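Data first, discussion second: the structure below is written as structure tokens.
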Amino acid sequence: MKEFKPIMKARDIAAEGSVLLSEKTMAGAEGAKTFFSRAGNMTVFTLQTFKQTFSLPFEFREFLKQCFELGNRSLPLVAITGAIMGLVLTIQSRPILSDFGAEGMLPQMVAVSLIREIGPVITALICAGKIGSGIGAELGSMKVTEQIEAMEVSATNPMKYLVVTRVMAATLMLPVLILFADAMGLLGSWVGVNIKTDLNIVLYFSRAFSAVEFIDFLPAFIKSFFFGAVIGLVGCYKGYTAGRGTESVGIAANSAVVLSSLLIIIVDLIVVQITDILI
Amino acid sequence: MKEEADSVRQANTAGTEAVIQIRDLKKSFGAQHVLKNVSLDLIKGENLIVLGKSGSGKSVLIKCIVQLMTADSGSINVLGQEVDKLKSKELAELRKKVGFLFQSGALYDSMTVKENLEFPLKRIKKDLSEKEVREKIMEALQNVGLESALNKMPSQLSGGMRKRIALARTIILDPAIMLYDEPTTGLDPITSQEISALINDIRNKYHTSSLVITHDMPCARAVADRVLILKEGEVYAEGTLEEVQKINDPWIQSFFKD
């Protein structure tokens, strides 16, 4: 198994400085070393995954199994979350729109909000919790119980079998889950609209989509692939590099959720900025 | 003591064919030197027991043999190939000839016993038909006396059963060399005896050469052709069980006290 070695020792960083470093500065150097070595290790892991993705043979059966596990098994959670998002957004927005006499614009506003931003980000964060922690815990426990090493001595490449399949499945399943969440969100919104008024579902969707253009949909759809890749990669990295002992499994699962959630927000910010410049 | 062990090794292995040759192996984790100049020979067809206290570097030693860990220096020759110089494809080919029984069994939790056995078989022996695969699985399960466990999940098996299934998963590939990492740890005395008997059966049936890492003396007595004792990462003594037992050293004698 490849050992992920720290890129540089903190003491080396300190030794490079010509001034005598105080203890506080040394602690800062240790922190910087930890951050950069972890970032470096994760980059190496990502590059290895990318390289293995394009080398044969491809573990197609395991990939399909993971699509089912990550995609199909997340549908109920995503459906409920999506519907509640749409419902709450409608209930919360109605009074403000009413004040401006624009209650009739409620479907359009909810549709644009859901499709452009809220649907992808909230669904990705929910999936970071479900899929990311699941992958982190699964691979972490496989590492602790030597199953990954057993795979390696059976002449099977665990990066290919375990990591590539999960990253690919998460990357391809997340856009599907986000589309599903958006649809459920609009449905929830229609229910929200109908709490106070009576609006036909066909008319509701007709109004909602009248405000959504292809350019609203495209960036959201593209970033959903990145969200999936982030969830898959972080979950696999944390599980694959888990330490020894059962405690490591919990740490791997927990840190997979925390880091992938943070990265999702950062990726979202970058995509929004790029979209803002390009469009 | 080390020089003594080296000369005993040379005397014991002279004129024999070694399937594993390790010379001056060193491995450290930071400031902790786990293996310091370890040399050993595993002779074709023998059961070599590596004894040592916990933390003496036994598991690190066999993980270095299959390159699950890379040594800092020294050479490891397995079936005539220097393992640290092999490319990944060559290493994968070599690993097909070396069976490894992990301390925990390392059965794949998400797969049934049948799928656990199929997993390496279908990947390594791709030319086998479904019928042949099924026959090989049943034969391996018969050899460990667990045909009835075919469709069970690992979580439904006891510790001893998991070890035996793990053994079946390893021998199904007809390996030339078997590496056992503490095969009887955590098992009751009766199951330990059964596993020890299985190790001998596998050697007799498949003509494998075995390197057994253990600190379980009943297991060592049952299977040992030769014994090598590791102390603080170095070869402390080597010889047949009778020879090692006769060494007048309190530390070595502590292993053989009942």
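In this text, all values refer to a predicted model and were calculated from it rather than measured experimentally. Reminder, nothing fancy here: chain letters follow the sequence lines and each chain counts from 1.
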Do B:Lys36 and B:Leu25 make a side-chain contact, defined as non-hydrogen atoms from C-beta onward lying under 4.5 Å apart?
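Side chain of B:Lys36 against side chain of B:Leu25, heavy atoms only: no contact under 4.5 Å found.
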
Check whether B:Gln103 gets within reach of chain A through its side chain, its backbone, both or neither, counting any heavy atom under 4.5 Å.
both

Proximal component of B:Leu94, with respect to chain A [non-hydrogen, under 4.5 Å]
neither

A:Glu69 versus chain B, the contacting section by heavy-atom distance below 4.5 Å:
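When you check distances to chain B, no heavy atom of A:Glu69 falls under 4.5 Å.
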
So with a 6.0 Å cut-off around NZ of B:Lys44, is the heavy-atom count from everything else above 12?
no

For the NZ atom on B:Lys114, are there more than 12 heavy atoms of other groups (residues, nucleotides or ligands in this structure) within a distance under 6.0 Å?
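Atom NZ in B:Lys114 is not packed in, count stays at 12 or less.
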
With chain A, which of B:Leu91, B:Thr170, B:Leu107, B:Asp109 has the greatest number of heavy-atom pairs at distances under 4.5 Å?
B:Asp109

Find the one option among B:Ala166, B:Pro120, B:Ser104 whose heavy-atom pairs under 4.5 Å with chain A are most numerous.
B:Ser104

Taking NZ, NE, NH1 and NH2 as the nitrogens, is one of them in B:Lys58 or B:Glu182 under 4.0 Å from a carboxylate oxygen of the other?
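Salt bridge: yes.
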
Between B:Phe102 and B:Phe100 (judged by ring centroids, cut-off 6.0 Å), do the two rings come close enough to count as a pair?
yes

